[in-house]
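Presented below is the structure to which this report refers.
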Amino acid sequence: MVADEILAGEQRRVAGLVELRSLEAVPDFVVGVDAAYVDDDDNQVSVAVGSAVVVDTKSFEVVEEATSTMSVMGYRPGLLGLREAPVLLAAIDKLSTVPELVVCDGHGVAHPLRAGLACHVGVGLGVPSVGCAKELFVGDHGELGRERGAVEFIVEGGEVVGAVVRTRNDVKPVYVSPGHLIDVEACVRVVLALTPRFRLPETTRAADQLARRAEKTVRL
DNA sequence: GCGACAG
DNA sequence: ATCTTGTCGC
C-alpha cells in the first residue's frame, strides 16, 4: 500500500536524524513518559492518553505531572513511534520543567529501522532520550547474569544497538537502547540509577500510573 | 514459504 | 496496550 511507503519514509527520516553520543552525568531530574489507550473497534484508530512526569533522581519523588489526549493510528509492530510519540510530546510540552533527559517505555535504536519510540521522542524534542522496553524486539545477546547490574549487548546486523540489563536479582531483565543524543553505555547507567527498588525505572512506573489514572477519566 | 512481531 | 479478584508462593 502507498501509505506504508510514506510511513516507512518517515521512519527512515527520523533514523537519519538520530545522533549517538556519550552523556556523562545522570541529570537531577528525568522525565518519564507513557500512554494508555481506548482502542476503537477495528484497530485503525485509538484514543490515546499520554503522560509525562518529572522525577527527582535523588529522592525518586515525582515533582511534576502532565497529560494530553488525542486520537492516534492503531498499533502496528515497528510503528509505535509514529503512533505514540505525538501524544507524549504534547504531554511533555505541558510541563513547566525543561526536559534534560526523557525515558520512554519502548525501544530506541534497537529497532528494525533504528527508529524506535525513543528516537521519535528524542529527535522531536531535540533532547537526550533512552528507550527501556520490557520485551526484546530485534537482535540477539549472550546469556545474562542473574544479579542486578548484569549487562549484555544486543547485537543486530553486526552492530551493537542496545543492551539487556538485569535491574533486580533473579527478575526478568529490561532492554535498553539509545533514542537520541546518548549512547548504550550511558543508557545502562541511567536505567540502573532509576531502578532502586523495582524492575522498571521509577520514571516509567510513575508515568504508567498517571496514564491509566487519566485514561479512566476519558469520556467518549 | 513460514513465523515472528516494542506497546 | 486492554479485559481483571483472588490467590498461590516465597
[X] near the nucleic acid: base, sugar-phosphate alone, or nothing, with a heavy-atom cut-off under 4.0 Å?
X	answer
Leu79(A)	base
Ala36(A)	sugar-phosphate
Gly78(A)	base

Check residues 68-79 of chain A and write down every donor-acceptor pair under 3.5 Å in which the side-chain atom is one partner and the other belongs to a residue at least two apart or another chain.
residue	atom	partner	partner atom	Å
Arg76(A)	NH1	Asp4(A)	OD1	3.1
Arg76(A)	NH2	Asp4(A)	OD1	3.4

Between Arg213(A) and Ser51(A), is any side-chain donor less than 3.5 angstrom from a side-chain acceptor? no

Residue pair Ser46(A) / Asp39(A), side-chain donor-acceptor N/O under 3.5 Å: yes

What is the distance from [atom1] of [X] to [atom2] of [N], rounded to the nearest Å?
X	N	atom1	atom2	value
Leu82(A)	dA6(B)	CG	C1'	13 Å
Ile154(A)	dA6(B)	CD1	P	14 Å
Leu80(A)	dG7(B)	CG	C1'	5 Å
Asp208(A)	dA6(B)	CG	P	17 Å
Glu156(A)	dC5(B)	CD	P	14 Å
Leu136(A)	dA4(B)	CG	P	15 Å
Tyr37(A)	dA6(B)	OH	C1'	11 Å
Arg83(A)	dA6(B)	CZ	C1'	12 Å

Quick check for you: to the nearest 0.5 Å, what is the distance between [X] atom [atom1] and [Y] atom [atom2]?
X	Y	atom1	atom2	result
Arg146(A)	Leu144(A)	CZ	CG	12.0 Å
Leu88(A)	Ser129(A)	CG	OG	11.0 Å
Asp140(A)	Ile154(A)	CG	CD1	9.5 Å

Which of the following nucleotides, dT2(C), dG7(B), dC5(B), is nearest to the side chain of Arg212(A)? dT2(C)

Test side chain to side chain donor-acceptor pair (under 3.5 Å) applied to His120(A) and Arg83(A), Gln11(A), His180(A), Glu84(A), the passing residue: Gln11(A)

I want to check one thing: is the phosphate of dA6(B), taken as OP1 and OP2, less than 4.0 Å away from some side-chain N or O of Arg76(A)? no

Tell me whether the OP1 or OP2 atom of dA6(B) has a side-chain N or O from Lys134(A) closer than 4.0 Å. no

Cation over ring, Arg205(A) on Phe198(A), under 6.0 Å and within 45°? yes

Just say parallel, tilted or perpendicular for the rings of His107(A) and Tyr175(A), cut-offs at 30° and 60°. tilted

Could you check whether Tyr75(A) and the base of dG7(B) form a stacked pair, meaning centres closer than 5.5 Å and planes differing by less than 30°? yes

Any sub-3.5 Å donor-acceptor pair from Arg148(A)'s side-chain atoms to Thr195(A)'s backbone N or O? yes

Would you write the dot-bracket representation of DNA chain C, where each base gets (, ), [, ], | or . depending on whether it forms a Watson-Crick or G-U pair under 3.5 Å and with which partner? ..........

Atom pairs, protein N/O to nucleotides 3-10 of chain C N/O, distance under 3.5 Å:
none

